[in-house]
Asks: 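Dumping the structure here so I can ask a few things about it.
Just the heavy atoms: all of them, side chains too, but no hydrogens, waters or symmetry mates, feed the values below. Sequence positions, counted from 1, serve as the residue numbers for this chain. Remember, it's a predicted structure, so these values are computed and weren't measured experimentally.
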Amino acid sequence: MRRPWTGVGGKRTIVGVVCLAVACGLAVAGVGSAAPRSRGRTGAAASSFVSAYPVSDATEIDRYSLASGQSLGVLVQIPPLRSTASSSTVSTPHLLANGDYLLTLGYGEVCRSSHGACHAIPNSCSSQVETLDPVSGKPRSLFSVSGVWRVLDAVPSPDGRSVALVEEGCSGSATQLEVRDLATGRSLLVTRQLSQCGLGSDVTWNPSSTTLVFAYAPHPNLNDYPAGCELATAAAGRTTRPASWAMIRVRASCGFEASAFDSTGIVAIVGCSDNDGGTNSTLLQYSGRGRVLERRGLDSFDPPQYGLEAQLESDPAAHAVLISEIITDDPDVSDVWTFNGTTLHHVDDYFGDAILAEP
């Protein structure tokens with residue numbers, strides 16, 4: 001799913017959420033003056049992918065064919081609703097085993113209005129985690145969080161029992177990673193001070209729902225992102241510190257942009273700076289022991305671009321990983337690929353759209 005582009009050292013980067021105009025819920029409706037579009041059929045996850053698309057002040061989730069790359073229509077629309085929060089975000093849509101999607105709505109501090117200006121009430125952030133039925137478009141609330149922390153993303157475990165919560169402090173100065181048991185509602189802190197590398201790469205589970213993987217740097221240089229970002233795996237069942245994490249490192253001028261577990265081990269995208277100030281992206285397939293098994297160059301744009309971003313998502317139903325490359329210029333240009341551990345297949349390229357493919 002597409003994320004907002006935010007400034008990082010003069011570049012724009014993916015931070016893991018889709019910003020809406022001020023919003024406070026999900027519904028299915030027509031949006032502003034946007035041209036009417038047919039609602040897409042809900043096909044098997046292995047034959048299609050979805051991506052979010054901003055229309056006017058709203059977001060819609062579109063479905064695309066994995067075989068041809070063509071649009072299959074709008075799956076669901078998420079119109080803006082009014083809220084007193086200073087900001088609002090909607091997370092990546094995570095596909096669940098029953099075909100529903102898990103979405104996280106995060107709200108900044110509540111505004112106390114004064115002469116038209118927002119005077120934020122400290123520690124008044126809130127978040128709502130919901131499931132969305134793509135057939136009816138109806139949301140169902142799972143749980144909410146309020147106070148000091150705002151949930152940027154709730155990532156479901158493969159066994160469906162837990163979610164990993166990527167959280168940011170209301171002030172934006174702190175981040176942390178928690179695991180919440182969906183049956184009991186109890187949360188366990190995995191780590192504090194998750195770096196911007198981790199927020200940029202997303203957090204994913206291993207197939208047995210015991211380990212989390214994300215990119216991390218103790219002192220990230222965001223002017224040189226993703227250089228210096230290492231790949232970390234942490235146990236999901238206890239509080240951990242970086243010293244206990246298994247780390248995968250690359251040379252100093254490179255860093256991990258995205259990662260996901262697959263049936264072989266870990267698939268990751270490494271970005272390396274070139275002599276012209278651009279970034280070359282390489283797809284790496286790691287074994288369960290961290291040994292490189294496959295290496296594929298991804299950057300299909302010539303010359304390498306300054307605003308190139310890469311993202312990947314595991315698709316268990318298709319036994320493959322979805323890969324997206326986006327040039328964040330005006331207009332955006334995107335490429336979508338699939339990778340099954342050995343074979344890289346180009347799905348399609350998109351001119352004028354920032355497509356981030358999700359199962």
Side-chain angles (χ1 to χ4, degrees), residues 94 155-164 166 177 179 188 190-191 193-220 225-272 279-299 310-325 337-345 359:
H94 299 288
V155 185
S157 62
D159 63 13
R161 298 176 181 175
S162 306
V163 288
V166 181
L177 178 61
V179 169
L188 171 68
V190 175
T191 181
Q193 295 301 324
L194 186 67
S195 73
Q196 291 298 318
C197 292
L199 296 178
S201 71
D202 287 346
V203 174
T204 57
W205 293 83
N206 69 338
S208 62
S209 303
T210 58
T211 303
L212 296 164
V213 63
F214 50 89
Y216 177 80
H219 305 289
Y225 180 85
C229 293
E230 304 168 352
L231 199 61
T233 56
R238 58 187 174 89
T239 301
T240 64
R241 294 181 180 275
S244 67
W245 299 344
M247 308 291 290
I248 299 177
R249 296 176 173 87
V250 290
R251 66 179 187 267
S253 61
C254 303
F256 288 93
E257 296 182 88
S259 60
F261 283 99
D262 68 351
S263 58
T264 301
I266 294 176
V267 177
I269 296 175
V270 172
C272 297
T279 299
N280 289 309
S281 296
T282 302
L283 182 73
L284 299 176
Q285 173 71 70
Y286 288 92
S287 70
R289 296 181 177 274
R291 183 169 64 90
V292 176
L293 301 177
E294 297 286 342
R295 186 187 302 267
R296 297 283 187 274
L298 277 183
D299 188 359
Q311 183 72 18
L312 55 82
E313 296 288 340
S314 181
D315 186 354
H319 302 288
V321 169
L322 296 170
I323 304 162
S324 309
E325 278 193 308
W337 315 70
T338 61
F339 181 68
N340 65 4
T342 57
T343 302
L344 187 64
H345 170 68

Asks: Under 3.5 Å, side chain of Trp205 to main-chain N/O of Ser162, donor-acceptor pair present?
Replies: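 Side chain of Trp205 to backbone of Ser162: no pair is present.
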
Asks: Going by side-chain hydrogen bond (donor to acceptor under 3.5 Å, both in side chains), name the residues that satisfy it together with Thr264, two or more places apart in sequence or in a different chain.
Replies: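 Scan of Thr264 (side-chain hydrogen bond (donor to acceptor under 3.5 Å, both in side chains), adjacent residues dropped) gives none.
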
Asks: Which pairs count as disulfide bond (SG atoms under 2.5 Å apart) when at least one residue sits in residues 227-265, sequence neighbours excluded?
Replies: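 Non-adjacent pairs meeting disulfide bond (SG atoms under 2.5 Å apart): Cys197-Cys229, Cys254-Cys272.
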
Asks: Which residues pass the side-chain hydrogen bond (donor to acceptor under 3.5 Å, both in side chains) test with Thr338, not counting sequence neighbours?
Replies: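 side-chain hydrogen bond (donor to acceptor under 3.5 Å, both in side chains) list for Thr338, sorted by chain: empty.
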
Asks: Any non-hydrogen side-chain atom of Leu188 less than 4.5 Å from a side-chain atom of Thr239?
Replies: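 Yes; the side chains approach each other to less than 4.5 Å.
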
Asks: How far apart are the closest heavy atoms of Ser259 and Val213, and which atoms are they?
Replies: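 Of all heavy-atom pairs spanning Ser259 and Val213, the closest is OG-CG2, 3.9 Å.
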
Asks: Can you list the steps and then say if Thr282 with Ile269 is a side-chain contact (heavy atoms from CB on, under 4.5 Å)?
Replies: CA-CA 6 Å; Thr282 302; Ile269 296 175; over 6 Å; no

Asks: Please give me the minimum heavy-atom distance between Ala260 and Leu312, naming the atom from each residue.
Replies: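 Ala260 and Leu312 have their closest heavy atoms at CB-CD1, 3.3 Å.
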
Asks: side-chain contact (heavy atoms from CB on, under 4.5 Å) with Ala227: which residues, sequence neighbours excluded?
Replies: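 Ala227: side-chain contact (heavy atoms from CB on, under 4.5 Å) contacts with Asp224.
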
Asks: Check step by step if side-chain contact (heavy atoms from CB on, under 4.5 Å) holds for Glu325 and Ser281.
Replies: CA-CA 9 Å; Glu325 278 193 308; Ser281 296; 3.8 Å; yes

Asks: Contact between Leu212 and Asn206 at the side-chain level, heavy atoms closer than 4.5 Å - yes or no?
Replies: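 Of all side-chain heavy-atom pairs linking Asn206 with Leu212, none is under 4.5 Å.
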
Asks: For Arg291, give me all partners under side-chain contact (heavy atoms from CB on, under 4.5 Å), at least two apart in sequence or on another chain.
Replies: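 side-chain contact (heavy atoms from CB on, under 4.5 Å) list for Arg291, sorted by chain: Ser287, Leu293.
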
Asks: According to side-chain contact (heavy atoms from CB on, under 4.5 Å), who are the partners of Glu294, at least two apart in sequence or on a separate chain?
Replies: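 Partners of Glu294 by the side-chain contact (heavy atoms from CB on, under 4.5 Å) criterion, ordered by chain and then number, come out as Gln285, Arg296, Phe339, Thr342.
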
Asks: Please test Leu344 against Leu283 for side-chain contact (heavy atoms from CB on, under 4.5 Å), starting from the C-alpha separation and ending with a verdict.
Replies: CA-CA 9 Å; Leu344 187 64; Leu283 182 73; 4.0 Å; yes

Asks: Show every salt bridge (Lys or Arg N to Asp or Glu O under 4.0 Å) that has at least one partner inside residues 242-255, sequence neighbours left out.
Replies: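 The answer is Glu230-Arg249.
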
Asks: Would you check if Val166 and Leu194 make a side-chain contact, meaning some heavy-atom pair closer than 4.5 Å?
Replies: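 In contact.
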
Asks: With distance as the sole test, does Thr343 use its side chain to make a donor-acceptor pair with the main-chain N or O of Asn340 at under 3.5 Å?
Replies: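 No.
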
Asks: Go through the structure and list residues passing side-chain contact (heavy atoms from CB on, under 4.5 Å) with Pro242, not counting sequence neighbours.
Replies: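 side-chain contact (heavy atoms from CB on, under 4.5 Å) check on Pro242 returns Tyr216, Trp245.
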
Asks: Is any side-chain heavy atom of Leu322 closer than 4.5 Å to a side-chain heavy atom of Pro359?
Replies: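 In short, these two side chains touch, coming nearer than 4.5 Å.
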
Asks: Is there a side-chain contact between Val292 and Tyr286 (heavy atoms, below 4.5 Å)?
Replies: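 Touching, per the 4.5 Å side-chain cut-off.
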
Asks: Given Val179 and Val163, is the side-chain contact (heavy atoms from CB on, under 4.5 Å) satisfied, shown in steps?
Replies: CA-CA 6 Å; Val179 169; Val163 288; over 6 Å; no

Asks: Could you report the tightest heavy-atom contact between Ala234 and Thr240, atom names first, then the distance?
Replies: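 What the structure gives for the nearest pair is CB-OG1, 4.0 Å.
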
Asks: Do the non-hydrogen side-chain atoms of Thr233 and Phe214 ever get within less than 4.5 Å of each other?
Replies: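 No, their side chains stay 4.5 Å or more apart.
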
